[in-house]
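I have placed the structure first, in the form of C-alpha cells, so that the comments after it can refer back to it.
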Amino acid sequence: MEATASVPVFPIDRPASAFKRWQQWLLYSRVFWAWVFLAPTLITLVLVAGRPLLGTFYLSFTDAELLTLDDSVTWVGFKNYAAILSDPDWWVALRNTLVFSFLSVVLETLLGLGIALVLNEEFRGRSFLRAAVLVPWAIPTVISAKMWTWMYNDMYGVINAGFMALGLTSEPVAWLSSPSTAMFALVMVDVWKTTPFMALLILAGLQLIPKDVYEAAKLDSGSPFRIFFKITLPLIQPTIAIAVIFRALDALRVFDLFYVLIGSKVDTGTVTIYARQRLMEFQEFGVGSAASVLIFLFIGSFTLLYLWAVRPQRDEA
Amino acid sequence: QPTANAAELTISCGSNGLERQICQSGIDAWSKKTGVPVKVFSSPNDSNDRLALYQQLLGAKSADIDIYQIDVVWPGILAKHLLDFETQVSAKEVSEHIKGAIANNRVDKRLVALPWFTDGGVLYYRADLLKKYGLSVPSTWEEMGSVAKVIMDKERASGATDTWGYVYQGRAYEGLTCNALEWVASFGGGSVVEPDGKVSINNPKALKAIDLIASWTGSIVPPGTLSYSEEEARGAFQTGKAVFMRNWPYAWALLNSEGSTVKGKVGMAPLPSGEKKGPRAATLGGWSLAVSAYSKAPKEAVDLVRYLTSAEEQKRRAIEGSFNPTRFALYDNKEVLAKNPLFKDLKAVFLNAVPRPAGKTGAKYNRVSADFWNAVHQALSGTEKAGPSLKRLEEKLTSYSNGGNW
Amino acid sequence: MASVVLRNIAKKFGKVEIVHDLSLVVESNALTVFVGPSGCGKSTILRCIAGLEEVSSGDVFIDNVRVNDVVPFKRGVGMVFQSYALYPHMNVYENMRFGLLSLGLPKAEIHARIEKAAEILALTPYLQRKPKQLSGGQRQRVAMGRALVRQPKVFLFDEPLSNLDAALRTKMRVEIARLRKSLGATAIYVTHDQVEAMTLADKIVVLRAGRIEQQGSPLDVYHNPVNRFVASFLGSPAMNFVPGRLRSGGAKSAQLEFQKGNPLEFSTNASFQSGTEVEFGIRPEHLTINPDLRGQLQGKVFAVEKLGDQALVHLMLDRANDSQAETTVVARLPWDMKCEVDTDLSLGFDPDRCHLFESHGTRLESSFH
Amino acid sequence: MASVVLRNIAKKFGKVEIVHDLSLVVESNALTVFVGPSGCGKSTILRCIAGLEEVSSGDVFIDNVRVNDVVPFKRGVGMVFQSYALYPHMNVYENMRFGLLSLGLPKAEIHARIEKAAEILALTPYLQRKPKQLSGGQRQRVAMGRALVRQPKVFLFDEPLSNLDAALRTKMRVEIARLRKSLGATAIYVTHDQVEAMTLADKIVVLRAGRIEQQGSPLDVYHNPVNRFVASFLGSPAMNFVPGRLRSGGAKSAQLEFQKGNPLEFSTNASFQSGTEVEFGIRPEHLTINPDLRGQLQGKVFAVEKLGDQALVHLMLDRANDSQAETTVVARLPWDMKCEVDTDLSLGFDPDRCHLFESHGTRLESSFH
Amino acid sequence: MKWVGKIAFYFLVTLIVFYAVFPFYWAVVTSLKNGADLFKVEWIPTSPTLVNYRSILTTDSFLQSVLNSVLVAGATSLFALLIAILSSYSLSRVRFRGRSLVLLTILSVSMFPQIAVLSGMFELIRWLGLYNTLSGLTFCYMALVLPFTVWVMRGFMKSIPKELEEAAILDGCGPTRIVFQVFFPLMKPALATTGLLAFIAAWNEFLFALTFTLSSDKRTVPVAIAMLSGGSQFELPWGNIMAASVIVTLPLIGLVLIFQKHIVSGLTSGAVKG
Ligand SMILES: Nc1ncnc2c1ncn2[C@@H]1O[C@H](COP(=O)(O)OP(=O)(O)OP(=O)(O)O)[C@@H](O)[C@H]1O
Ligand SMILES: Nc1ncnc2c1ncn2[C@@H]1O[C@H](COP(=O)(O)OP(=O)(O)OP(=O)(O)O)[C@@H](O)[C@H]1O
Ligand SMILES: [Mg+2]
Ligand SMILES: [Mg+2]
C-alpha cells in the first residue's frame, strides 16, 4: 500500500536504561499495583481466616481435644469423618439445615419481592416504609432472637395472645416445643430478620430496569400480572439469583438463632449447632473440626453448583 | 500468711446483679486484709457460654484468670487444668462441707475445687389453692399428678381457663437433665451412669418415671414447658398459671416480691418421691471455686478461695443474699435461719442431693448429659416412646463409655 | 376526518406546568411531526396521547372517542421509543408476539401477522435473535414491528432514529416514509432533527416551551415562518439573521438599512415608526456570489467548510459602526468555488427571499421590490 | 516533517487481530481524520498512539522518538474522549488543573495556562461549576480545555462531537476548526460522521477492518475514491451504484451497457474481457433533469423528500431484464422542482462524473468521452 | 375502581410496616414493664416505668460497652473500606492472571462456619498479644466483613466508565492516585452502603466478642446484654434486656434511616451489577 512506502525509517533509539524502565514499570504497571493493592486484603484474610481454617483442616484429622490442643495430638486419618457420617444426629442436623435454609430463603425471596415491588411504586410515605422495613435488619441477631423467644412464649407470649384474639388459634400454641412448630417458628424469625436485605437487593434490581420497557409493556398488555410475570420477573432474575446466593450462604451457616431459641437440641439442631456441640461442649475438637470442614465442603459445593446453575440467566440481562 | 507482694488476682465470680455485689464485698474484705488487689471478671450468664470461655482460656494455658467459679458438673471436664486443694486444705476444713459437694469436686483423688454455695431442686406449690380445695402437699409423683389434675379442672371450671397443673424446666438443656435425674432417682432408677461407670439408665424404674411425667404433657403440663428454662417456668407460676412448679430455691424471693400475683400464696417442699416412703431426690446444683493451674500467684489464689468458702463468709452470703451454704453447720445457725426460715427444710434436701454423673464421666459429661436430655425430651414431646428412647440412649452411652472406664 | 384530537390539554408535573392549554387536530392517514428544542414537551404530549401520562386538564380524543380514562393498552396506539425499549430477554419473534397474546388473537392469526411484519421490515432472518444480537438499525426495525403487528389506529414515534448513526438514519428515514405510505396509517412523529421533520412530515407542528408556534406543511413552515424562532429552528445551516433599522418612506413603503450604503426599498401594510430595530433573515442557500443582485452583504471570510458537493462559507459582516455587535452569516456555495479565508467577500441575495422580524420576533408582513 | 509515525503496527485482542500491519505518517500542524465504519479500529489505533493500549507489534514514533515503552502521560499527547470523561467531583478549573499538577509546574504557570485556555474556549464564567451543571457543548469544551492546557505535541479526538445534537454539532465543528488553525497544532480526529470528516480534515484516512483503504485530502478522496467502499462511505446521500456490463470496442476504447439502449463510450488502458460485470457510481448531486446529457437513467419515482432548500428524489430504475435485481438511485434536485411519486422520470448525468468499479470493488481507470 | 386499588395498596403497606416494626415495638413495651407486669400481655403498658432504663444506664459497664461497640464497629468498617477499595480496584479494573481465583478464594472465606475458625483465631489473637483488646476484635471482624465488602465495592467500580480512568492515566496518575483522587470521591454511595453493612455486621457479632474479650471494660454490646442477669444465676431480667436492646438498636436504626437512600443506590451499582 502506498502509505507504507511513505513511512520514513527512524533509527529505533536505544531503549531507556534498565533502571529507568524498572522504575517506570514500578510507577505505572497496573498488574504490579493490582497485586500491591490486593496484598492487604489477602494478608488479612490469610491471617484471620486462612491460618485458622488450615488449623481446623489439620485438627480434623487428629484426636485433638479442646483442653489438650497444644499437647501432642495424634493423627487419626479419616476416623473423625467416618464417625460423623455414621452419626444419625449429623444427618438429622443436615436435614434440618437444608429444610430451614430452603424454607427461609424461599419465603424471604417471595416476601422481599413483594416488598420491593411496593417500594418501587411512587406513593406518599414511601421513604417512611423503606425506613420501617429496614428496622429488623438493624437489630442484633442475639437480641432479636431473645425478643422472639419472649414473644413465642405459650403463656405470656404476645403471639399467642394475638392469634387467640384474632381467633386463629383456640388455645395457646407452644411454638418452640415440638419440632414441627419449632422449625416454622425459627423460619419466621429468620424471614423477619433478613427479608429487608432481600427486599433492598431486589429493589435495586428493579430500579435497573429501564422505565420505557415498562411503558412499552403497558401499551402491549392490559394485565399487570402478565407484565409482572413476562417482563419484570425475567428481568430481575439475575438480581434475585445474587440475592439468593448471599442469603443461602448465611442460612446454611445459621447458628445464633437456633442457639438462643432452642439450644443444643438434636432433632431441631443445625449442622453448625452440631459442630459447636462437638467442639465446645463435648471437647472433641478433632470431630468438631471435621464437622466444620464437612460444612464448608457442603456449602462450597452448593455455592459452585448454584453459580453454575444461574450462569446462563446472568448473562441474559 | 501471704504478704502484700506484686501479685494481682483475677477472679470470675457471679455475673452482674446481686450475686456480683456480694461476691465483690467478700473480695474487698480479703484484699483489705492481705493488700493483694483483685480484679473481678463477671462471666457470661449462660453457663454454656461460660464453660466454653473457660475451656478456651485453660486450653490455652492462659493466666488471665486465677480463680474460676465452676459449676458442679465441671470438675471432671476441667480437672487437668486446676490446682489440687488436698495438700492446701486441712482434712478438717474439708469435712465441714456437705459430703456430696466434696465428693463431686474430687476427680481421681484430686480435690480440684472448694464448694462455695449449693443448690437443689425443690417443689413450689400454691398453698392457697391446696387450702381452697382442702388438699395436702403431695408426697409422691402420682399423688401430685392427681392433685394437680383435680385443682386444674376445678379452677378451669371456675373460669381460670389458662390454669395448668405442673411446670418444670423441659427445654433441651442441662436443666432438663437435672429434672429428669430427680424423677429417675426418686423412683430408685439410679443416676444414668453409676459411680462405678456402668450405664444404668435403661431400667424399669427409670422407664416408669419418665413414662409417668411424659404422660402429663398436654394434660396437666402445658406443652410449652418443653421449651421452658427456669425463668419461663417461674413466669408461668408467678402469673398464677400453674399449681406446682419444680425450680431452684432462688425463685422463692421473687415469687414473694412486690407485684407478684402469687405473693404470699406459695409454699415450698422437697420434691416428691417415687413410691410412698421412697427416697426423695434433688439434683445437686451449686458452684465451687477453683484455682487455675496456670495462675501466677497460686498461694494468694488458694488463700482467697479458702477465705471465700470459709464459714463466716458463707454465713454473710447466706444472710445478705440467701446463698445456700455448703457448710452444713450454718443451716442450724440462728442468724441465718432468722433471715431464711426455709433453710430448715432445705437442709434435708441438700444433704442427700443427688450428684449428676459428672465425676465419673469427666470430660464426656456434657455429651452424656446432652444425650440424656435429648432422649428424655423426645419421650416428653412424644416423638418417641420412652422405652425405645432409653434403650437407644443406653446403647449410645455404652458405645463411648470405654467399657465403663470413661 | 380527524384521528387524534387534543382539546385544551395541559400537563403539570407537580407544580410546574409543562404543556399549556394546547389544542391540536391530527388528521388520519397523515404523518404529523412534532419538532421543537429539547425539553419543549414533545415527548410529554406524545405520552399523554398514549396514556402513559395523564393530562392534568383537557380532553384527548382518538377516533372521536374520549380516552382520558382509557388504559394505554386499550387506546389502540402503537409506540416506538427512542431507546426502542425492546424486551431484552425475548427474541424478536417473542417481542412482537407479546402484545398480540394479550389481544387474545388466534395462534394462526398471530403467526401470520408477525411473519408479515417481519417480511415488510426484512427481519425474517433474525426472528430467533435476542435484541442484543442485533445492530442498531435492526433493533429499530424490531421496535417498529412491535408497534406494527398490533395494527394500531395511530403510530407514535418518539425520536425513533436519534440513536442511529448518520448513514443508517438516512436509510431508515426513507424506509419509514415508504412503510407509512404503503400502510396509509396515521402517525405522530417526534424529532428534533429537522431533516427528518422536513422529509417525513405531511404536517409539521413546531413546539416551544409547551406551546404551538406554528403548524402547516413542511415547505410552508420552511418558507413562511410566522416568527424568528420557527425561522431559525428549521433549516441547516440555520437561517442567517442580520440586524437592521427601518426608515419609513412614502405611503406603504419603507427602507431597510443594515450595512453601510444602499438600503433596501420595500412595501408593507404594517405600521411602525421610523428607526425601529429589526432583523432580516436570509437562508444560506439564498446567498450567492453575484454582484448584480440588489441585496449585498460585505464581510470577511473566516471559515470555509468544503463538503464534497458544496462549500459552507462563514462570513464576518463588516459593522456599520463599532458599537454594533459582530454578526456572522453562512452561505452555501458550490463546492468548487474559489475563496480564501481572511479575504473580503460580498454575498448577493434577492430581497424577495428575505424575511423581516420585529425585535420581539414576530414576522413583519412585507414585500420587497 | 512528521509528528506521529506508525510503522507496521498490529494490535491483537487475545487471539483476534484488530489492526493489521498498518503504517501511517501524520504530518504536524495538520488535522488528520480517521473515518471508517463502526468497529473498524479507529479508536484502537488512537489508543495505541496515546499508549492506552500497547501495540502487539510495530513501532510508534512521536516527534521521531520511539514511544512504545513510554507511559501515556509522558508521550505528550492530549486526548478528548467521546464521553468527555470529565472528573464529576471536580469543577472546571480543577478538571483542567489535575493534569498540570502531575507535570509539577509552578502554581503561577498553572493558573496562567488555565486562565488562557478558559478564555480561548469561552469557559471563564463557568470555571467554578461542576460538570453536571454544564450543557453538552460546555462539557465538550472543558474536555478540550483539559487537553489544551497540557500543551501536548499531538491532540487526539475520539468522536468528540457525537454526543451533541445536530445544531450544536455544527457549531462546535466550526469552533474546533478555528481553534486548531489558530493553535497550529497537530491533531488526529476520529469520527464516523463524514460531514465532520470532510469539513475538518487536512487529510482523511479511510479505514476498514483495521486496514487503510485510502488517504489524501478530503476533496481528493471524495472525488477520486480508489474503490467502491471509499466511494460509498463518503457523501450523503451516498453515491449511487448502477450495475452494468462492459463491451470491448476498438483499441483502448470500450462501451458500458447498463439499461436498455444507448451504451456509453469510454476509453481505458485497463484490459478486460468483454462482458465483465461492473458497477458505475454517480453521486446524487450529479444527477439532474436534463435530457441533453449523454448519460440518462430511466425509472419510476418512488419517493420525494423535500428538504426546504433541496429535494431528494428516489428513483427505481427500469430493469434491462427481469432477471436483474432492483436498483434505486437518489438525486439531489432543487427544492422547487416538480415531480410526482409513481411517475416516470429520466435523470441525466455527465459521464465524466461517474466512476467505474470492478465487481471486486477496485476502481477501473477510465475516461468517458 | 381506582379507590379500591389505592385502599388495597395502603392496606398492604400497613401490613408490611406492622410485620416489620411490631417486634421492636413489643421490645419497647416490654422494656417499660417491671416485675410481674412482664408476664402479662398488654398492648400498651398500663403502668409504664423507666426503671429498667435507669438501671441499665446506671451500670457504667454497659455504657462502656456501647462505646466499645461503636469503636470496634467503626474501626472495622473503616479498615474494611480502606483495604476493600484497594483490592476491589485490582479485581474490577485490572486484567491479570488468577483474578477469578482470588475472587473465589475471598468468597469461599464466607463459606466457613464462624465456629470453625474460633479457636484457631483464639490462638492467633493471643499470639499477637491482642487478647482482650478492642483492636484484636476489630482484626477478627475483618474475616467476617471483608469478603462481601470487596464483593460489593468491586461491583460498583466496574460501573465506573473506562474513559474516566484513561483520562486520569493521561493526566499522569499512577493507580494510587486513580483510586484515591478519581474513584474514591465517586464512590460515596457505595462507601455508605458497604460501610453500613460492615458496621451492622460488627455491631451484631456475638461469638468472637464473647471469646476474645475478658474484662467488662472491653465488652461489646451483645455480650454485655448476654451478661445481664438478675439477682441470681437463673433469674433473667427481661425488662433490662429489652431496655438494653432498645438502647443499642436505636443508633443502628438511626444510621439506617440516614443512609437508606445511599444503601439502595449503593446496592444498585454494587451487588446487583457485580
Ligand atoms: N416525570 C417528569 N417529572 C418532572 N418533569 C418532567 C417529567 N418528564 C418530563 N419532565 C419535564 O418536562 C419537560 C418536557 O419534557 P419532554 O421529555 O417532553 O421534552 P422533549 O421535548 O421530549 O425533550 P427531548 O427532545 O429532549 O426529548 C422537560 O423540562 C422535563 O424536565
Ligand atoms: N478491550 C477490547 N477487547 C476485545 N476487543 C476489543 C477491545 N476494544 C475493542 N475491541 C474490538 O476491536 C474492534 C475495533 O474497536 P474500535 O473501538 O477501535 O472500533 P471503532 O472504529 O472505534 O468503532 P466506533 O466507531 O464504534 O468507535 C471492535 O470489533 C471491538 O470489538
Ligand atoms: Mg423526548
Ligand atoms: Mg471508537
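Just so it is clear: chains get the letters A, B, ... in the order the sequence lines come, proteins before strands, and each one is counted from 1.
Of the two parts of E:L91, only the side chain, counted from C-beta on, holds a non-hydrogen atom closer than 4.5 Å to a non-hydrogen atom of chain A. At a 4.5 Å heavy-atom cutoff, E:V221 makes no contact with chain A through either its backbone or its side chain. Looking at E:L104, the atoms closer than 4.5 Å to chain A (heavy atoms on both sides) all sit in the side chain, from C-beta outward. If you measure heavy-atom distances from E:I85 to chain A, you find no contacts under 4.5 Å at all. With a 4.5 Å cut-off on non-hydrogen atoms, A:V191 touches chain E through its backbone and its side chain both. The part of A:R51 that comes within reach of chain E is its side chain, from C-beta onward, which places non-hydrogen atoms under 4.5 angstrom from that chain. Neither the backbone nor the side chain of A:Y58 comes within contact range of chain E, judged by heavy atoms closer than 4.5 Å. Using a 4.5 Å cut-off between heavy atoms, A:I236 does not touch chain E at all. With a 4.5 Å cut-off on non-hydrogen atoms, E:V29 does not touch chain A at all. The part of E:Y89 that comes within reach of chain A is its side chain, from C-beta onward, which places non-hydrogen atoms under 4.5 angstrom from that chain. Of the two parts of A:L304, only the side chain, counted from C-beta on, holds a non-hydrogen atom closer than 4.5 Å to a non-hydrogen atom of chain E. With a 4.5 Å cut-off on non-hydrogen atoms, A:S289 does not touch chain E at all. Neither the backbone nor the side chain of E:T105 comes within less than 4.5 Å of any heavy atom of chain A. Looking at A:W148, the atoms closer than 4.5 Å to chain E (heavy atoms on both sides) all sit in the side chain, from C-beta outward. Proximity to chain E (any heavy atom under 4.5 Å) is shown, for A:F298, by neither the backbone nor the side chain. Only the side chain of A:L42 comes within contact range of chain E, with heavy atoms under 4.5 Å apart.
Chain E forms the most heavy-atom pairs under 4.5 Å with one residue out of A:I139, A:V135, A:I159, and that residue is A:I139. Ranked by heavy-atom pairs shorter than 4.5 Å toward chain A, the options E:W238, E:F24, E:F139 are led by E:W238. Of the residues considered (E:L107, E:V13, E:L128), E:V13 shows the highest number of contacts with chain A, using heavy-atom pairs under 4.5 Å. Most heavy-atom pairs under 4.5 Å with chain A, from the set E:F199, E:W203, E:F122, E:W43: that is E:W43. Top candidate by heavy-atom pairs under 4.5 Å with chain E, chosen from A:V133, A:D256, A:T303, is A:T303. Most heavy-atom pairs under 4.5 Å with chain E: of the set A:T56, A:V158, A:L252, this distinction falls to A:V158. Between chain A and the options E:M121, E:R95, E:R97, E:M142, the largest number of non-hydrogen pairs under 4.5 Å is found for E:M121.
Few gaps surround CZ on E:F9; more than 12 heavy atoms of other groups in view lie less than 6.0 Å from it. With a 6.0 Å radius and a threshold of 12 heavy atoms from other residues, nucleotides or ligands, E:F79 has its CZ atom at or below the threshold. More than 12 heavy atoms of other residues, nucleotides or ligands sit less than 6.0 Å from atom CG of A:L166.
Contact check for A:T141 versus E:F206: no side-chain heavy atoms found under the 4.5 Å cut-off.
A:T270 meets the side-chain hydrogen bond (donor to acceptor under 3.5 Å, both in side chains) test with A:T272; sequence neighbours excluded. Taking A:R278 as the reference, A:D87, A:E284 meet the salt bridge (charged side-chain N to carboxylate O under 4.0 Å, His left out) condition, with sequence neighbours excluded. Every residue was checked against the salt bridge (charged side-chain N to carboxylate O under 4.0 Å, His left out) condition with E:E205, not counting sequence neighbours, and none meets it.
In this structure a side-chain-to-backbone donor-acceptor pair under 3.5 Å is missing from A:R130 to A:L119. Between the side chain of A:R30 and the main chain of E:P175, no donor-acceptor pair closer than 3.5 Å is present. For the pair A:N160 (side chain) and A:N153 (backbone), a donor-acceptor distance under 3.5 Å is present. Under a 3.5 Å cut-off, the side chain of A:Y274 and the backbone N or O of A:A291 do not form any donor-acceptor pair.
Of the candidates A:F37, A:W35, A:F32, A:W35 is the only one forming a ring pair (Phe, Tyr, Trp, His ring centres under 6.0 Å) with E:F96.
Between E:Y25 and E:F22, the ring-plane angle classifies as tilted under the 30° and 60° cut-offs. Between A:F123 and E:Y10, the angle of the ring planes goes over 60°, which puts this pair in the perpendicular group of the 30/60° scheme. Between E:Y141 and E:F208, the angle of the ring planes stays under 30°, which puts this pair in the parallel group of the 30/60° scheme.
Residues A:R247 and A:D250 are paired through a salt bridge, judged by an N-O separation under 4.0 Å between the basic side chain and the carboxylate.
The stretch residues 241-248 of chain E places E:I241, E:M242, E:S245, E:V248 near chain A, each with some heavy atom under 4.5 Å from a heavy atom of that chain.
For the atom pair E:I83 CD1 and E:L146 CG, the distance stands at 4.5 Å (nearest 0.5 Å).
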